[in-house]
Amino acid sequence: MANVESFDLDHTKVKAPYVRLAGVKTTPRGDSVSKYDLRLLQPNAGAIEPAAIHTLEHLLAGYLRDHLTDIVDVSPMGCRTGMYMAVIGEPDEPRILKAFEAALQDTAAHSQPIPGVSELECGNFRDHDLEAARKYAQDALNQGLKIQETVLLERT
């Protein structure tokens with residue numbers, strides 16, 4: 001099996017909430033695609049409920065694009081402690097941190113219907129929780145976002 005970057009991260013040594021550059025890939029045409037770890041909860045200390053992370057996905061997918069250009073994708077982590085975001089190019093972490101913070105502020109204040117929530121637009125449109133998503137966003141803001149360096153596992 002191919003190596004997966006996140007399996008090399010020492011999840012016991014990172015401190016959420018944070019932004020972390022998870023990796024940069026170069027396409028065959030020479031373009032760069034950067035993947036960021038946008039962590040809301042401390043790994044192995046809790047998990048965002050499925051309905052809330054689904055709503056966070058819908059809101060952050062839009063709000064992050066309001067603050068950053070060239071986003072390829074925003075998607076939830078399987079462990080449900082945060083999101084991954086892929087962008088074209090190599091924007092620096094302070095810029096990503098600022099955009100993530102602004103998108104979380106937008107999410108915490110969101111009072112309109114959740115975008116993309118209909119049977120036509122969403123594969124599980126009944127599974128959303130706006131109030132919980134707003135709370136997770138506000139909790140991360142209250143704790144203070146930071147830039148997290150990658151801490152690799154020390155394998156012997």
Side-chain angles (χ1 to χ4, degrees), residues 2-27 31-111 114-116 127-156:
N3 186 51
V4 177
E5 179 274 338
S6 64
F7 297 164
D8 289 334
L9 178 69
D10 187 335
H11 288 74
T12 67
K13 294 192 177 153
V14 295
K15 300 295 178 210
Y18 65 76
V19 167
R20 180 182 69 87
L21 177 63
V24 178
K25 299 280 186 186
T26 303
T27 69
D31 298 311
S32 295
V33 177
S34 301
K35 177 178 147 186
Y36 291 89
D37 171 345
L38 309 177
R39 194 75 61 150
L40 294 167
L41 296 184
Q42 184 63 29
N44 299 304
I48 301 168
E49 292 88 7
I53 202 161
H54 190 189
T55 302
L56 283 165
E57 175 192 17
H58 278 237
L59 294 174
L60 290 174
Y63 284 135
L64 280 163
R65 284 174 170 88
D66 288 346
H67 302 286
L68 282 174
T69 58
D70 298 327
I71 292 178
V72 175
D73 185 48
V74 177
S75 53
M77 295 176 174
C79 64
R80 300 187 344 254
T81 60
M83 310 295 278
Y84 283 119
M85 179 180 69
V87 297
I88 297 168
E90 298 182 47
D92 63 17
E93 288 167 312
R95 184 171 163 215
I96 299 298
L97 179 70
K98 183 177 176 183
F100 187 36
E101 187 171 56
L104 287 173
Q105 289 169 347
D106 294 338
T107 297
H110 189 88
S111 61
I114 303 163
D127 189 32
H128 283 277
D129 188 338
L130 177 58
E131 289 310 309
R134 292 178 61 197
K135 182 178 180 337
Y136 282 109
Q138 189 61 57
D139 287 351
L141 290 166
N142 291 347
Q143 291 175 46
L145 300 173
K146 62 191 158 302
I147 295 170
Q148 171 71 57
E149 295 300 318
T150 296
V151 182
L152 297 176
L153 288 170
E154 294 179 23
R155 298 189 193 267
T156 55

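Since the model is a prediction, treat every value here as computed from it, not as a measurement.
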Is the backbone of [Y] close enough, under 3.5 Å, to the side chain of [X] for a donor and an acceptor to pair up by distance?
X: Gln148; Y: Ala16; result: no
X: His54; Y: His128; result: no
X: Lys146; Y: Pro17; result: yes

Residue pair [X] / [Y]: nearest heavy atoms and the distance that separates them:
X: Ala99; Y: Leu64; answer: O-CD2, 3.9 Å
X: Ile53; Y: Met77; answer: CD1-O, 4.4 Å
X: Ser34; Y: Val24; answer: OG-CG2, 3.7 Å
X: Ala52; Y: Ala132; answer: CB-CB, 3.7 Å
X: Thr81; Y: Pro43; answer: CG2-CA, 4.3 Å
X: Leu21; Y: Thr150; answer: O-OG1, 3.5 Å

With sequence neighbours left out, what residues match [X] under salt bridge (charged side-chain N to carboxylate O under 4.0 Å, His left out)?
X: Glu49; answer: none
X: Asp127; answer: none
X: Arg39; answer: Asp37
X: Asp73; answer: none

Leu60 and Leu38, any side-chain heavy atoms less than 4.5 Å apart: no
Flag side-chain contact, heavy atom, 4.5 Å: Leu41 against Tyr136: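 They are in side-chain contact.
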Could you give the distance from [atom1] ([X]) to [atom2] ([Y]), rounded to the nearest 0.5 Å?
X: Glu5; Y: Leu152; atom1: CD; atom2: CG; answer: 8.0 Å
X: Tyr84; Y: Arg20; atom1: OH; atom2: CZ; answer: 6.5 Å
X: Leu56; Y: Ile48; atom1: CG; atom2: CD1; answer: 5.5 Å

If the condition is side-chain hydrogen bond (donor to acceptor under 3.5 Å, both in side chains), which residues does [X] pass it with, not counting sequence neighbours?
X: Glu154; value: none
X: Asp139; value: Lys135
X: Asn142; value: Gln138
X: Glu149; value: none

May I have the list of side-chain donor-acceptor pairs in residues 102-109 shorter than 3.5 Å, sequence neighbours left out?
| unit_1 | atom_1 | unit_2 | atom_2 | d |
| --- | --- | --- | --- | --- |
| Asp106 | OD2 | His67 | NE2 | 2.7 |
| Thr107 | OG1 | Ala103 | O | 2.9 |

Charged N-O contact under 4.0 Å between Lys98 and Glu101: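 Glu101 and Lys98: not salt-bridged.
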Derivation and outcome, side-chain contact (heavy atoms from CB on, under 4.5 Å), residues Leu145 and Val19: CA-CA 7 Å; Leu145 300 173; Val19 167; 5.6 Å; no
Residue pairs fulfilling ring-ring contact (aromatic ring centres under 6.0 Å, His included) with at least one residue in residues 91-110, sequence neighbours excluded: Tyr63-His110
Derivation and outcome, side-chain contact (heavy atoms from CB on, under 4.5 Å), residues Arg134 and Leu59: CA-CA 10 Å; Arg134 292 178 61 197; Leu59 294 174; 5.5 Å; no
Salt bridge (Lys or Arg N to Asp or Glu O under 4.0 Å) pairs, two or more places apart, involving residues 79-95: none
side-chain contact (heavy atoms from CB on, under 4.5 Å) involving Thr27 - partner list, sequence neighbours excluded: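 Result, side-chain contact (heavy atoms from CB on, under 4.5 Å) vs Thr27: Arg29, Asp31, Val33.
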